[in-house]
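Every chain is numbered from 1, with letters handed out A, B, ... down the list of sequences.
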Number of protein chains: 2
Amino acid sequence: MTYQDSLTALADSTRRQIFEHIARAPSAVGPLADQLPVSRPAVSQHLKVLSDAGLLVVEQQGNRRIYAVDTNGLKELRQYLDTLWDDVLGAFADSFEKDD
Amino acid sequence: MTYQDSLTALADSTRRQIFEHIARAPSAVGPLADQLPVSRPAVSQHLKVLSDAGLLVVEQQGNRRIYAVDTNGLKELRQYLDTLWDDVLGAFADSFEKDD
DNA sequence: GCCTATCGTAAGTCATGACTTACCAAGATT
DNA sequence: AATCTTGGTAAGTCATGACTTACGATAGGC
């Protein structure tokens with residue numbers, strides 16, 4: 001639910017590949033597993049982690065489950081990096097003051 | 001050296017705290033360890049991971065080593081998220097076309 | 001109603017990595 | 001030069017988590 005969960009979720013290589021696939025086009029579980037070197041249950045588990053992190057949303061379509069990107073999670077993660085970036089800029093400014 | 005290493009580096013809670021401290025103000029190893037619930041060697045190891053990921057740079061000052069944020073690593077990570085974001089927007093556009 | 005397709009969950013295995021203590025190297029201090 | 005400070009490295013322990021196979025549950029097709 002937070003940017004921290006998003007970071008740990010996207011830190012895993014397989015999970016990142018899954019997320020990138022879904023980012024380009026929402027998908028069901030089966031097709032994702034076909035394009036990856038891991039089993040379908042593994043993909044299911046990764047999808048759960050990504051969903052719990054707030055990075056994906058699911059839409060049940062009859063038999064299948066279509067996963068798509070939850071923009072809120074991605075937005076929160078980008079905001080976190082923005083604040084880090086601002087902190088760094090602030091630190092630079094402080095160092096210039098001290099150098100004088 | 002890549003955004004992937006940056007993600008795994010920032011996925012760890014302790015490492016994230018270290019990075020946030022340094023983002024606000026560059027620091028040596030000892031002071032960092034004092035503010036964290038882990039030992040100094042642990043901090044050293046984390047700093048190595050963050051440096052290898054391209055997120056930190058070191059400046060040797062006599063006895064001490066001052067760690068500061070390497071903006072290149074942070075920039076690369078933000079760019080990666082930007083491309084993801086663009087992919088998602090593109091996917092949305094595609095879905096609208098198909099819905100028509 | 002039966003069979004197939006789709007997918008989540010349980011249980012177990014195994015590798016990775018975060019942490020500790022112990023040690024060593026090099027600069028600063030007296 | 002002896003000592004203290006600072007910090008990186010080695011070795012070992014332990015928990016986490018990524019993966020597998022086996023199973024169960026639900027929806028669709030014949």
Side-chain angles (χ1 to χ4, degrees), chain A residues 1-22 25-70 73 77, chain B residues 1-22 25-70 73 77:
Chain A
M1 286 279 288
T2 67
Y3 68 90
Q4 315 177 19
D5 298 322
S6 301
L7 277 173
T8 59
L10 292 179
D12 180 74
S13 167
T14 304
R15 216 144 45 208
R16 205 162 46 236
Q17 293 179 50
I18 292 176
F19 188 76
E20 289 169 1
H21 271 122
I22 298 178
S27 169
V29 180
L32 285 172
D34 292 340
Q35 292 175 307
L36 293 171
V38 296
S39 69
R40 187 193 49 72
V43 174
S44 261
Q45 291 162 10
H46 284 310
L47 288 169
K48 173 161 178 47
V49 173
L50 289 166
S51 299
D52 288 347
L55 286 170
L56 294 182
V57 288
V58 202
E59 185 190 354
Q60 187 97 22
Q61 283 192 3
N63 210 8
R64 315 190 312 162
R65 305 178 60 117
I66 309 297
Y67 285 87
V69 169
D70 184 348
L77 188 50
Chain B
M1 286 279 288
T2 68
Y3 68 89
Q4 314 176 19
D5 299 322
S6 301
L7 277 173
T8 59
L10 292 179
D12 180 74
S13 167
T14 304
R15 215 143 47 207
R16 206 163 44 236
Q17 293 179 51
I18 293 175
F19 188 77
E20 289 169 1
H21 271 121
I22 299 178
S27 170
V29 181
L32 286 172
D34 292 340
Q35 292 174 308
L36 293 170
V38 297
S39 68
R40 187 192 49 72
V43 174
S44 261
Q45 291 163 10
H46 284 310
L47 289 170
K48 173 162 179 44
V49 174
L50 288 166
S51 299
D52 288 347
L55 286 170
L56 294 183
V57 289
V58 203
E59 185 192 354
Q60 187 98 22
Q61 283 191 3
N63 210 7
R64 317 189 311 162
R65 308 184 61 146
I66 308 297
Y67 285 87
V69 168
D70 184 348
L77 188 50

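Considering only side-chain N and O atoms, A:Thr14 lies under 4.0 angstrom from the phosphate OP1 or OP2 of D:dC19. The shortest distance between the side-chain N/O atoms of A:Ser44 and the OP1/OP2 oxygens of C:dT9 is not below 4.0 Å. When the side-chain nitrogen and oxygen atoms of B:Ser39 are compared with OP1 and OP2 of C:dT20, one or more of them lie within a distance under 4.0 Å. The shortest distance between the side-chain N/O atoms of B:Tyr67 and the OP1/OP2 oxygens of D:dG8 is below 4.0 Å.
Across all non-hydrogen atoms, the minimal contact from B:Leu77 to B:Ser6 is CD2-CB, 4.0 Å.
Set against C:dA22, D:dT20, D:dG7, the side chain of A:Ala42 has D:dT20 as its closest nucleotide. Between C:dT21, C:dA18, C:dC7, one nucleotide has an atom nearer to the side chain of B:Arg15 than all others, and that is C:dA18.
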Determine all donor-acceptor pairs shorter than 3.5 Å in which one atom belongs to a side chain in residues 26-45 of chain B; sequence neighbours excluded.
from    : atom 1 : to      : atom 2 : distance (Å)
B:Ser39 : OG     : B:Ala42 : N      : 3.4

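Regarding B:His46, its NE2 atom lies at a distance of 15 Å from the C1' atom of D:dG7, rounded to whole Å. With rounding to whole Å, B:Asn63 atom CG is found 4 Å from C:dG27 atom C1'. Atom CG in B:Asp5 sits about 16 Å away from atom P in C:dT16, given to the nearest Å. Between B:Leu36 atom CG and C:dC19 atom C1' the separation is 13 Å, expressed in whole Å. Atom-to-atom, CZ of B:Arg65 to C1' of C:dA28 comes out at 17 Å; the value is rounded to the nearest Å. Between the CG atom of B:Leu32 and the P atom of D:dG7 there is a distance of 9 Å, rounded to whole Å. The CD atom of B:Gln45 sits 13 Å away from the C1' atom of C:dA22 (whole-angstrom rounding). Regarding B:Arg64, its CZ atom lies at a distance of 23 Å from the P atom of C:dA25, rounded to whole Å.
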Practice task
Applying side-chain contact (heavy atoms from CB on, under 4.5 Å), run through A:Leu7 and B:Asp12 and close with a yes or a no.
Solution key: CA-CA 9 Å; A:Leu7 277 173; B:Asp12 180 74; over 6 Å; no
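Place A:Gln61 and A:Arg40 on DNA chain D by their nearest nucleotides, and A:Arg40 ends up nearer the 5' end. Two residues, B:Lys48 and A:Pro37, neighbour DNA chain D, and the one matched to the more 5' nucleotide by heavy-atom proximity is B:Lys48.
The CG atom of A:Asp5 sits 4.0 Å away from atom OG1 of A:Thr2, with the distance rounded to the nearest 0.5 Å. We find the CG-CZ distance between B:Leu56 and B:Arg15 to be 11.0 Å, quoted to the nearest 0.5 Å.
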